[in-house]
Amino acid sequence: MLRAGGLCVTAPRVVVVGSLNTDRVLSVASLPARGETVPCRGEAVAQGGKGANQAAAAAVLGLDTVFVGAVGDDLDGDAGVAELERMGVDVGQVQRVAAATGKATIAVDPEGANFVIVYPGANGALDPAHVRQAVARSAAPGTTVLASLEIPLDAVVAASVAAREAGASFVLNPAPARMLPDELLSACDVLVPNEVELAQIQTAPERLFALGVGALVVTRGKEGAELVRPRCPALLVPALPVDARDTTGAGDAFVAAFCVARTLGLDLEASCRFAVVAGSLSTTGAGARGHLPSRSEVERSVGGRLPGSPAPSAEPRAAGG
Ligand code: RIB
């Protein structure tokens with residue numbers, strides 16, 4: 001236990017810096033091609049945003065979780081924050097800004113494939129100075145700070161700097177992808193892109209490792225995830241065969257579970273195995289948080305328990321179904 005700025009900080013926790021959105025989910029028979037109009041079979045409103053999804057997934061996996069992000073001073077912001085709080089996330093570092101809460105429109109086909117269009121709104125106004133202070137207050141050695149890219153790049157850099165100063169690990173999920181400054185890449189202990197994002201970063205693994213990235217974990221959808229380390233052969237961790245209903249948020253569930261496993265002391269390979277199972281299971285519910293698996297559910301499929309796992313009766317309830 002450490003004390004920072006009057007706040008008690010327990011080190012084994014995940015601090016998630018990222019977006020919070022209200023998702024409008026449209027079910028379609030097939031995803032539209034460019035210029036095509038398709039009918040919608042049903043619609044639903046759900047809580048989303050890559051950062052908020054990651055924080056929710058980490059909390060459901062039973063780890064102390066803090067969310068750092070920005071919402072508008074509106075009903076969507078209230079609902080998004082209240083839902084995170086209900087799931088056990090510490091929302092004390094959420095900034096209220098004078099912009100509408102972020103929104104995403106998501107079309108999903110019967111196979112669970114999707115496309116996503118995001119209106120950043122308040123996410124785009126997240127203040128780097130707020131992020132730096134919030135991460136400094138929340139992180140300590142033993143903490144993992146996880147960031148994604150639906151917020152200003154300066155805010156992500158601020159999170160990486162504060163993580164480094166606090167002696168915490170820094171994991172970057174470069175989604176949605178963009179070119180990244182060397183300063184940010186060299187602060188990454190682990191970079192977790194999907195295969196499309198890896199191509200969009202336009203930086204070869206050898207250069208990432210030369211800059212100081214410790215490991216690369218590339219999510220490959222139905223195939224699973226590939227762990228790439230310097231001077232080691234790449235390792236493909238296969239996905240769990242499941243009946244996928246909606247792949248929205250699978251990458252969020254994956255990276256959250258990876259950070260939980262790392263924070264609890266698992267090595268890179270074991271953390272990938274834990275995360276692949278969590279990501280696979282998350283596709284069995286509708287919406288980005290339709291099925292966030294509990295720790296025991298993931299452990300049952302992996303065939304082992306995480307260090308310090310609580311007895312099944314003591315763990316938090318899984319969200320969705
Ligand atoms: O990763 C899925 C998320 O991407 C959705 O919840 C949507 O809000 C977008 O941020």
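As the structure lists them, so they are numbered: ligands from 1, and atoms in each ligand from 1.
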### Message
Would Thr248 count as being in polar contact with ligand 1, using the rule that some N or O on each side must be under 3.5 angstrom apart?
### Response
no
### Single-linkage hydrophobic cluster Leu153~Val145, side-chain heavy atoms < 4.5 angstrom
yes
### Task
Would you mind listing which atoms of ligand 1 come within a distance below 4.0 Å of any non-hydrogen atom of Gly48?
6 (O), 8 (O)
#### Entry: Top protein contact for atom 4 (O) of ligand 1, by heavy-atom distance
Lys50 NZ, 3.2 Å
### Query
Contact between Gly49 and ligand 1, counting heavy atoms under 4.0 Å?
yes
### Query
Which option, Val255, Asp252, Asp23, owns the non-hydrogen atom nearest atom 5 (C) of ligand 1?
Asp23
#### Entry: Atoms in ligand 1 flagged as close to Ala288, the criterion being non-hydrogen separation under 4.0 Å
6 (O)
### Query
With the threshold set at 4.0 Å, does a side-chain nitrogen-carboxylate oxygen contact exist between Glu297 and Arg300?
no
### Message
When you group the ILVMFWY residues by side-chain heavy-atom contacts below 4.5 Å and let the links chain together, are Val17 and Val91 in the same group?
### Response
no
### Query
What residue and atom, counting heavy atoms only, is the protein's closest point to atom 9 (C) of ligand 1, and at what distance?
Glu150 OE2, 3.4 Å
### Task
From the options Asp246, Thr248, Asp109, select the one residue that forms a side-chain hydrogen bond (donor to acceptor under 3.5 Å, both in side chains) with Asn114.
Thr248
### Query
Does Asp76 come within less than 4.0 Å of Lys103, counting only side-chain N to carboxylate O?
yes
### Message
Looking at Arg207 and Asp182, is there a salt bridge between them, counting it only when a charged N and a carboxylate O are closer than 4.0 Å?
### Response
yes
### Query
How far is atom 3 (C) of ligand 1 from its nearest protein heavy atom, and which residue and atom name does that atom have?
Asn53 ND2, 3.6 Å
### Message
If the threshold is 4.0 Å, N to carboxylate O, is there a salt bridge linking Asp78 and Arg96?
### Response
yes
### Message
Show me which atoms of ligand 1 lie under 4.0 Å from any heavy atom of Asn21.
### Response
7 (C), 8 (O), 9 (C), 10 (O)
### Task
List every atom of ligand 1 that sits less than 4.0 Å from any heavy atom of Ala104, numbering the atoms from 1 in the order shown and giving each element.
7 (C), 8 (O)
